[in-house]
Chemist: 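Structure in structure tokens, see below.
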2 protein chains.
Amino acid sequence: MRRSDASAQIVATSTVENYLKHLLLLAEDGETLVPMGALAAALEVVPGTATTMVKALADEGLVLHRPRLGVRLTPEGRRVALNVLRKHRLVETFLVHVLKMDWAKVHDEAEQLEHAISDEVLDRLDALLGHPQTDPHGDPIPSRQGKLHSQVYATLATCTLDRSVRIVRITDQSPEFLQFAEQHGLQPGTALRVADRNLPAGLLALRRSGSSAAASLSLVAAGKILVEPAR
Amino acid sequence: MRRSDASAQIVATSTVENYLKHLLLLAEDGETLVPMGALAAALEVVPGTATTMVKALADEGLVLHRPRLGVRLTPEGRRVALNVLRKHRLVETFLVHVLKMDWAKVHDEAEQLEHAISDEVLDRLDALLGHPQTDPHGDPIPSRQGKLHSQVYATLATCTLDRSVRIVRITDQSPEFLQFAEQHGLQPGTALRVADRNLPAGLLALRRSGSSAAASLSLVAAGKILVEPAR
DNA sequence: TGATTTATTTTGACTAATCAAAATACCGGC
DNA sequence: GCCGGTATTTTGATTAGTCAAAATAAATCA
């Protein structure tokens with residue numbers, strides 16, 4: 001009985017799901033080896049812990065471990081990871097669009113819920129929300145079939161000066177940053193242009209489309225905001 | 001800073017939450033001592049495990065352990081347990097009323113979710129659902145303030161013969177029983193009467209109000225269906 | 001009362017996940 | 001080609017939660 005979708009057969013603990021999810025986020029393509037230190041940092045465990053866990057995951061056939069070089073997902077591991085990520089982002093979308101929660105809070109909430117919801121609830125949530133392509137932060141939601149449709153975008157730090165652009169994604173999920181972004185109206189969908197960049201000062205000046213309101217932003221912050229040409 | 005509601009300050013693992021929740025279900029009044037064996041059976045662990053865990057919970061001040069006699073919740077433990085039960089039943093309600101899930105499936109689903117949702121999500125879910133008093137099985141939902149409004153009802157096995165009654169609650173949450181009940185239209189709200197009881201045979205005959213359709217039911221099953229006088 | 005059954009507790013061992021710190025491998029520079 | 005620094009792996013210990021089975025207490029019954 002062949003199945004083409006990405007429903008998870010494997011029973012993974014939430015720890016396992018977290019390791020796989022972070023491996024996916026650290027190497028979306030699935031090709032590049034993730035250094036053990038990077039994985040450990042992402043999971044906020046000491047490197048030794050990550051090594052131990054990765055070896056166990058390798059035994060399960062969920063990751064490929066190249067000792068001293070790094071680790072990457074197997075196709076099976078990737079399948080599980082995509083399903084977790086899909087849950088995370090659909091839950092975020094639900095929390096913002098249905099429960100009207102603050103978008104700065106939903107990340108941590110989804111971090112718990114992604115391990116608790118079944119595939120059936122996932123599907124129904126997806127339908128209820130109208131099969132969204134991205135979550136409230138603009139992050140792409142993996143399809144049921146496990147396709148992660150993730151594009152390369154310019155950022156406010158790299159886009160053309162004085163061209164009108166639209167924000168498509170905020171890549172920093174921390175409540176602090178999201179709160180800051182919201183307060184300045186910097187959300188997916190917002191149209192604006194970079195009026196000026198002062199590299200030595202690490203600052204840039206923004207101008208909202210159809211308004212004379214200006215705001216300035218650090219280069220670091222700007223690099224976390226992905227944009228596409230408007231219109 | 002005095003707080004009157006039942007929001008949980010204590011950080012309990014889901015194991016701890018399950019022990020407390022089952023203690024509440026086994027002794028709703030909070031007075032009666034629950035024998036260790038009963039608790040262990042409810043949690044599907046061996047008795048020794050329950051003893052160990054209960055001693056730990058007693059150290060935390062969440063339960064009172066009377067060795068060899070049994071265990072009961074402290075006010076603090078009860079507060080936490082009520083909050084978990086509230087989550088469980090509101091989640092069930094959400095799954096049935098919003099996601100349109102089969103009511104036979106939602107119990108197991110809620111079993112996971114009750115440990116993953118925050119108090120804020122809980123409150124928003126409650127508001128979204130219009131502050132329901134009972135879940136889809138008719139089980140009372142504890143209030144935010146920790147009041148569990150649970151009445152004593154007759155069952156189909158004990159109610160007056162030939163009196164019209166309305167189903168208010170199904171006390172067996174197993175998918176099998178719920179599926180069976182649904183197939184026979186035995187859900188909270190349904191009005192019917194017991195046409196006949198045959199005690200030696202352990203059977204009873206039901207008649208739906210406003211219909212000549214009859215059904216028969218075992219006494220055991222009937223005892224799981226709580227009713228109140230209709231109208 | 002004393003023997004037997006039953007419930008509970010204790011003991012010892014196991015698994016998953018973690019950390020601290022020691023051991024090891026690899027890299028770049030000279 | 002060696003030396004020092006950095007990343008990784010290994011080792012030993014810890015915590016939460018569990019089970020199996022032995023020990024103990026209480027209840028029942030003759």
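Per chain, numbering begins at 1; letters A, B, ... match sequence-line order.
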Chemist: Any side-chain to backbone donor/acceptor pair from B:Thr74 onto B:Leu64? Under 3.5 Å, distance only.
Modeler: no

Chemist: Just how far, in rounded Å, is P of C:dT18 from CG of A:Leu43?
Modeler: 8 Å

Chemist: Please tell me if A:Thr13 has a side-chain N or O lying less than 4.0 Å from either OP1 or OP2 of C:dA17.
Modeler: yes

Chemist: Taking only N and O in the side chain of A:Tyr19, is any of them less than 4.0 Å away from OP1 or OP2 of C:dA16?
Modeler: no

Chemist: Rounded to the nearest 0.5 Å, how far does CD of A:Glu17 lie from CD of A:Glu114?
Modeler: 7.0 Å

Chemist: Without swapping roles, check the side chain of B:Glu109 against the backbone of A:Ser118 for a donor-acceptor pair under 3.5 Å.
Modeler: yes

Chemist: What I'd like to find out is whether the side chain of B:Leu217 reaches to under 4.5 Å of the side chain of B:Leu186, using heavy atoms alone.
Modeler: yes

Chemist: Grab the CG-P distance between A:Leu69 and C:dC26 for me, whole Å please.
Modeler: 8 Å

Chemist: Rounded to whole angstroms, how far apart are CG on A:Asp59 and P on C:dA17?
Modeler: 13 Å

Chemist: Atom CG of A:Leu33 to atom C1' of C:dC26: distance rounded to whole Å?
Modeler: 16 Å

Chemist: A:Glu44 CD to C:dT18 P: how many Å, rounded?
Modeler: 11 Å

Chemist: Rounded to whole Å, how long is the line connecting atom NE2 of A:His115 with atom C1' of C:dA17?
Modeler: 14 Å

Chemist: Less than 4.5 Å apart, any side-chain heavy atom of B:Ile167 and any of B:Tyr153?
Modeler: no

Chemist: Starting at CD of B:Gln173, measure out to CG of B:Asp135 and round the result to the nearest 0.5 Å.
Modeler: 6.5 Å

Chemist: What does B:Thr49 touch in the nucleic acid at a heavy-atom separation under 4.0 angstrom: a base, only the sugar-phosphate, or nothing?
Modeler: base

Chemist: With heavy atoms under 4.0 Å as the rule, sort B:Gly37 into base, sugar-phosphate or nothing.
Modeler: sugar-phosphate

Chemist: I need the CZ-C1' distance between A:Arg68 and C:dC26, as an integer number of Å.
Modeler: 8 Å

Chemist: How long is the line joining CE of A:Met36 and P of C:dT24, in whole Å?
Modeler: 19 Å

Chemist: At the 4.0 Å heavy-atom cut-off to chain A, mark where contacts on DNA chain D begin and end, going 5' to 3'.
Modeler: D:dA7 to D:dT10

Chemist: B:His65 or A:Ser14: which one's nearest nucleotide on DNA chain C is closer to the 5' end?
Modeler: B:His65

Chemist: Name the nucleic acid region contacted by A:Thr51, choosing base, sugar-phosphate or nothing; use a 4.0 angstrom heavy-atom cut-off, strictly under.
Modeler: base

Chemist: If you apply the rule side chain to side chain donor-acceptor pair (under 3.5 Å), what do you find for B:His115 with B:Asn18, and how did you get there?
Modeler: CA-CA 9 Å; B:His115 309 297; B:Asn18 274 331; 3.1 Å; yes

